[in-house]
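So you know, we letter chains A, B, ... as the sequences are listed, proteins then strands, and number each from 1. What's counted below: heavy atoms across the whole structure, side chains too, no hydrogens, waters or symmetry copies.
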Amino acid sequence: MSHKKSNRKNKNLKNQWKAWLYLTPMIILLLVFTVWPIFNTIRISFLCRWDEDLGAVVGYDYAKAIQGVKYQFGFNNFINVFTTGDSFLIALGNTMLLTVLTVPISTMLALLIAVALNSIKWLKKFFQTVFFLPYVTNAIAIGMVFAAMFGMVWPTPAKPPTSVGIINTIIEAFGGHYINWVDRGSPYWANIAVLVIYIVWNALPFKILVLLGGLQNVDKQYYDAAKVDGASRWRVFWRVTVPLLSPMIACVVITGFIGGFKEYTSVVGIFGDGMGPTGANGSLNTMVGFIYNYIPHNQGKASAAALILFVIIFIVTMINMYVSKKKTHY
Amino acid sequence: MKVVLEHLTKIFPSRNKKEKNAEVVAVNDFNLEIPDGKLIGLLGPSGCGKSTTLYMISGLQPPTSGKIYFGEDDVTELAAENRGIGLVFQNYALYPHMTVQQNILFPLQNLKGENRLSKEEMLKRVYEVAKLVQIDEYMNRKPSELSGGQQQRVAIARALVKMPRVLLLDEPLSNLDARLRLQTREEIRRIQRDTGITTIFVTHDQEEAMSISDFIVVMKLGIIMQTGKPQWVYDDPANLFVAKFLGTPPINVFRGKIEGEKLYIGEEAVLDTKGAEDQEVYIGIRPEGFILDEKGGLTCSVSGIDVMGRDVSVVSTNENSLNPVIRSIVSADEAGKVSDSGEVKFRLKEHKVFVFNRETESRVYFGKQFAAHEAMLRAMQAEGEFYAFHEGPLPREADDASKQTQPEEEKGFVAKVKNFFAKIGGAFRKKPETPAEDVAQEGAPAENAENTEIADPTQTQMDKEDDISQ
């Protein structure tokens, strides 16, 4: 019996080495470009030293390290992230706010659009293309377009603008007063509003695509059954469509949260790498923006921030998975 | 509730508007009166329009023309949810995210206004129905945690909970394994008897339909071939199609002729056919219609013997048989006379032999069969039951060939484009090069010809399918 078993094992091994052979190129790439950087990031995040000139603990810097400067193991990078200035807390706050606002809005909108797209026959392909367009456009370029749409031209900061962007033109056409969305002195809520519109618009295509795919996989008989059972459209949507789509919705929400925490390009696209309107640099900074700020001269601190970001995303995803498992079980 | 179908017709329009021939007549001028409280089986090969008929009765598909009555009410224009029907889908369509109880409860929760029940009443109703289909032990399970038979019962419970006027079942047993099928069909029979709801079910399995239906409706290409009690239809088939469709093992069909009131298979006179005119015929002989007899008229060469316990099936061949082998069922005692090879002679039982005109494939009566048929008709009239008998020529598969024209249209379009470019090319070219244009234009019809060749194999394919179902 045991002999037979080991025989089968040998056979399996024999088959396996071929599989491993085919996997090797990919594994090497993964090791070099994914596994090693992750490992290295963790290592670097714990490296720091006491700098006499600055009179403070500074994180690992590659440029100094190759000149022979020695680093010690410690938790100071993590402490530094939270204590030196409040820029990390600002970035964390901005990121959280954007994520919490955009994920529900974009998911709801995507769901409605997907259901609508699934039920029309005329121009279906056309609208699918229209809604898919943001996916294939350059985020930075579109950010600049958004900046122009929401922007204004000020000859001098003290005077009213000589011309306004298309959004303000529309607002004024309806009798409203123009709003300073993104320029010097613009209020924080206006900046966030523009960012939310941009991010939602940018996130829709992927979500619509996933949800539409899910919808097309739903057996039409469920809808026939619901029709015979006399369910109203609204009830069919909530009691049949949404539950049947729940695995897709969970997927979209989880990826949405992960994407939200990594938000960076939208802010750069609209506000430039100042990460805020002119005169208020850094006010709209995000976690990824914070990490990028420290990459050139303090990789230790950047790595520490990256690890913190990872832990946050990990926890949020775990919560998401836990909730969705409870809700989508069938 | 009596269900009456009057001139019911369903035409599926062709997908391509230019090609009018491509429309498919799924149900053709269907007239049927289904008596109250009976279990009716719609029976036919795939693509005969039986499911379409069912969906038109349910209201999920609007008929192209014709009327549907439930009792005295004209429900033709009524939406599915207002017809008071229960529908069980082929793969049950149970909501996977709801428990059994929620599934059965769902139709009740959708009721509005004065029909709406209180929560206690709803639950009471759900438990009553669950008990009826014997699923009340599993109320908190999800459909995925149930076996196929249990899912089936939940689906029936969900259809019954609204107390429908008519219960419709679409291929109710096709997703079950053989043993469950036997069990479930008894179950359906019992539930139908207990509730007394007029029930219509669709199946392509003749055995299933024969075993539980009060009445069967045999269909082909959207036309009723024959209706009646299963045994009647089996004993007195209206035409070759019905004869071939009913019975396992299937009926044995021979080429033959009637000459001088005698029935010939090949050169052998096998039966007296008093009162039948001379003509070329097909002869259908039920497997149980053979008697081993050395003086018998039909000679076949034996190719094997299948022992099935009580009975023995003698497998033999005859050059005039349309089936590859002839199966004749004889009792085990008699089979001792047959050797594994060599020739065997059969005498035929007159009431198990059906003769059909070669052209029209409709029934040719002879001898005692006239009287038997008359007696059956009288019996049916006495019982006040509906009876339909398809007379005249049968619809051919060829009528259905219009389905095949659709890809041709697309190809035709390609040909047109090719022609167009060929012409443009011709305009740019100098005159000496016109032969090239001719070649291109010849290429287009050639493609069409190739296309009809493509259509042909599918045609034979359909014929083959037909053979299998027989």
Should the heavy atoms of other residues, nucleotides or ligands under 6.0 Å from [atom1] of [X] be counted, would the total exceed 12?
X: A:Arg233; atom1: CZ; answer: no
X: A:Lys124; atom1: NZ; answer: yes
X: A:Phe237; atom1: CZ; answer: yes

[atom1] of [X] to [atom2] of [Y]: how many Å apart, nearest 0.5 Å?
X: B:Gln90; Y: A:Gln221; atom1: CD; atom2: CD; result: 7.0 Å
X: A:Arg239; Y: B:His97; atom1: CZ; atom2: NE2; result: 6.5 Å
X: A:Asp229; Y: B:Leu105; atom1: CG; atom2: CG; result: 11.0 Å

Is it true that a side-chain atom of B:Tyr95 and a backbone atom of A:Pro243 form a donor plus acceptor pair closer than 3.5 Å?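 Side chain of B:Tyr95 to backbone of A:Pro243, a donor-acceptor pair under 3.5 Å: no, none is there.
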At under 4.5 Å between heavy atoms, what parts of residues 53-62 of chain B are in contact with chain A? List them by residue number.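 Those residues of residues 53-62 of chain B which have a heavy atom under 4.5 Å from chain A are B:Tyr55, B:Leu60.
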Tabulate, in ascending numerical order, the residues of residues 70-78 of chain B having at least one heavy atom closer than 4.5 Å to a heavy atom of chain A, or enter 'none'.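 Result: none.
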Based on non-hydrogen pairs under 4.5 Å, which of B:Asn91, B:Leu87, B:Val161, B:Leu111 is most in contact with chain A?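 The candidate making the most pairs under 4.5 Å is B:Asn91.
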Would you call B:Phe106 and A:Arg235 a side-chain contact if the rule is heavy atoms closer than 4.5 Å?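 Of all side-chain heavy-atom pairs linking A:Arg235 with B:Phe106, at least one is under 4.5 Å.
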Would you say B:Asn110 and A:Ser232 make side-chain contact, with heavy atoms under 4.5 Å?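 No, side chains not in contact.
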Region of B:Leu94 in contact with chain A, defined by heavy-atom distances below 4.5 Å: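 It is the backbone, since no side chain atom gets that close.
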Pick one of side chain, backbone, both or neither for A:Asp224, based on which atoms fall under 4.5 Å of a heavy atom in chain B.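 Both parts, backbone and side chain.
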